[in-house]
Amino acid sequence: MSKARCDLDWETMYELALDPQMARKRKKESESSNEDHCTMCGNLCAVKNDKAV
């Protein structure tokens, strides 16, 4: 999961989640559903910003 998070690999994160269906549902219902960052950090995502630098 850590590697998938670091790579922002959403499909692998869903596969490795304890409840893949719920993980997909939460992401789909979030404001960031079409973005490459999570629902918690938004545009302040440390992983996303680190990759941009």
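Because only heavy atoms are used, hydrogens play no part in the values below, and waters and symmetry mates are left out as well, while side chains stay in. The residues of the chain are indexed from 1 along the displayed sequence.
Using a 4.5 Å cut-off on side-chain heavy atoms (C-beta onward), R5 and V47 make no contact.
We find the CG-CD distance between D9 and E15 to be 8.0 Å, quoted to the nearest 0.5 Å.
Between P20 and Y14, the closest heavy-atom pair is CB-O, 3.1 Å.
In summary, of the residues considered (M1, R24, K27, K3), a side chain to side chain contact (heavy atoms under 4.5 Å, CB included) with M13 occurs for M1 alone.
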